[in-house]
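In what follows, a single structure is set out as structure tokens and then discussed.
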Amino acid sequence: MENQLHIYNTLSRKKEQFIPLDPPHVGIYVCGPTVYGDPHLGHARPGITFDLVFRYLRHLGFKVRYVRNITDVGHLENDADEGDDKIAKRARAEEIEPMEVVQYYSDRYHEFMDRLNILKPSIEPRASGHIIEQIEMIKKILDQGMAYISEGSVYFDVVKYNDTHNYGVLSGRILEDLISNTRELDGQQEKHNPADFALWKKASPEHIMRWPSPWSDGFPGWHMECSAMSIKYLGENFDIHGGGMDLLFPHHESEIAQSRVATGHDPVRCWMHNNMITLNGQKMGKSLGNAIGLEQFFSGDHPLLEKAYSPMTIRFFILQAQYRGTLDFSNEALQAAEKGLKRLMEAGKQLSRLSASPTTSEGIDIKKLQSDCFEAMNDDFNSPMLIANLFEVVRIVNVVSDANAQLNAEDLALLTEIYKTFVFDILGLMDEIGGSNTEMIDGLMHLILELRKQVRANKDYASSDKIRDELLKLKIQVKDGKEGASWTMD
RNA sequence: GGUCCUGUGGCCGAGUGGUUAGGCAGCGGUCUGCAAAACCGUCUACAGCGGUUCGAAUCCGCUCGGGACCUCCA
């Protein structure tokens, strides 16, 4: 079960067995955020998807170096007439240093990733800190004759490259189609061909973020940073490169082209792409203006949200879909996820209270359940399938808890291990209940329920119900079971 | 227009050429002083039309619908 992991590789459009280049080491590079705005639900998807990958690979025993960049330079505003850098544009408006904007939104991003229980990457390089590496790489591409200088900018010669390589291996694009379909835009005349992309861009006079280079004061092209930084930290050839499907073309396609020319070979073994989260069937994205911020989800402060949704609800919601499928947002779906998560978490508590019996009941096969869980993960990180299996764990826990079935000590230990491993370590879910005062609340609740027990022994149900109702107002729910009362907190 | 993806029951979402995904919601039970929870049972499916096949929701073709990308947007 250990090394049967299969991953869907965008390059081959097939699931392939995952064999690291240099086991037990694994290198992963994932395109991180551009820090010019608050993180929204769209950011949570790649964050959680590749967190799952990171966690599972580590669980399998691999020594993973996970690199996720922060883009803090070089991306031009879509609709900007001036060609201003997004970050520079924001800085101008707020009259603060560009790096102040970068710092602020980087911190915000980290804050929300932490709340979603997304592990920190091994290395989080910033594009602005790797200008030298990018310039060096551009020089190599120029030396190979695959780029040209025009008006102080450097462009990658896609047409020439395509004579000897396939510009389209990843995306399936055909160069001729690209050329005939490219719109005429300002600045295009600098290029030999509209399909060419910038490696280095000369800064206009009003552009604040700029660095010196052999060609001009300017900034690197938007595909350069990922190529330069992935090579720097993972080598010229590494195992997995991830990112959203929206980055597939031209970003990743161009990364491949740049790296091939600079290093002489393919940079990445396996390309992984997570799909989008949609809102009313449409991609949720900053540029479309339909993104709901993670802040809004956590607070419930948004016209489209019926209530607040906790970080773990968001995490569970995302994990309930396979990463390559689109995931449609709705209050109904989120609330279903919330309830399902609660059920899963409650079972975890029940599990810790179970005691072993001499034998395990007929029809309960914990080992099978364990292998089913691994099988699900090994099949391209099929988290929905894993979760379905974990609900079978929940069912068994509840049945045993109700004394309708038994588990022997070995099976109980294994069931506990499965639960902890998959729910906490691999899916990265947390029990959000209680907070920092857990011990005190536990103590108080124990006391209250003891007193209520006495009241109930006297059949004073009015008092008993009053205690229960008042606690419910505090979001604490009392449940009277066969073995006495228990409680949960929302 | 080009490249690619996609269309599953009230909602969200897996999956396989012939056997129950799972969660949420609904319905009927059990349990309970009541309630909640839990357990048991149960109803709504595979966009449409053809084809391949002993058999397809699962493979192929067409039609219709949805989406992503095709821009120095990420």
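Residue numbers start from 1 in every chain, and the chains themselves are labelled A, B, ... in the order their sequence lines are given, proteins ahead of strands. Hydrogens, waters and symmetry mates play no part in the numbers below; they use all other heavy atoms, side chains included.
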Indicate yes or no for a side-chain donor-acceptor contact from Gln322(A) to the backbone of Arg324(A) under 3.5 Å, with no hydrogens or angles considered. yes
Counting just side-chain N and O atoms, does [X] come under 4.0 Å of either OP1 or OP2 of [N]?
X: Lys283(A); N: rG66(B); answer: no
X: Asn382(A); N: rA14(B); answer: no
X: Arg324(A); N: rU6(B); answer: no
X: Lys339(A); N: rA25(B); answer: yes
X: Lys459(A); N: rG33(B); answer: no

Once you apply a heavy-atom cut-off of 4.0 Å, does [X] come out as touching a base, just sugar-phosphate, or nothing?
X: Glu338(A); value: nothing
X: Asn275(A); value: nothing
X: Phe391(A); value: sugar-phosphate
X: Ala321(A); value: sugar-phosphate

For Gly340(A) and Phe316(A), the nearest pair of non-hydrogen atoms, with its separation, is C-CE2, 4.0 Å
Looking only at heavy atoms, what is the nearest atom pair of Ile240(A) and Ile7(A), with distance? CD1-CD1, 4.0 Å
Counting side-chain heavy atoms from CB outward, which of rG22(B), rG33(B), rC39(B) is closest to Arg395(A)? rC39(B)
What's the closest nucleotide to the side chain of Arg456(A) if the choices are rC4(B), rA14(B), rC34(B)? rC34(B)
What is the pairing partner of [N], taking Watson-Crick or G-U wobble pairs with both distances under 3.5 Å in any strand?
N: rA68(B); value: rU3(B)
N: rU53(B); value: none
N: rG33(B); value: none

State whether a side-chain donor-acceptor pair under 3.5 Å links Tyr8(A) with Glu16(A). no
Using distance alone, with no hydrogens and no angle criterion, decide if Glu255(A) and His251(A) have a side-chain donor and acceptor under 3.5 Å apart. yes
Distance criterion of 3.5 Å, no angle test: do you see the side chain of Arg343(A) paired donor-to-acceptor with the base of rC24(B)? no
Using only heavy-atom distances, decide whether a donor-acceptor pair under 3.5 angstrom links the side-chain of Arg468(A) to the base of rA36(B). no
Nearest whole Å is fine: how far is rC24(B) C1' from Phe316(A) CZ? 11 Å
Send over the distance from Glu332(A) CD to rG26(B) C1', rounded to a whole Å. 12 Å
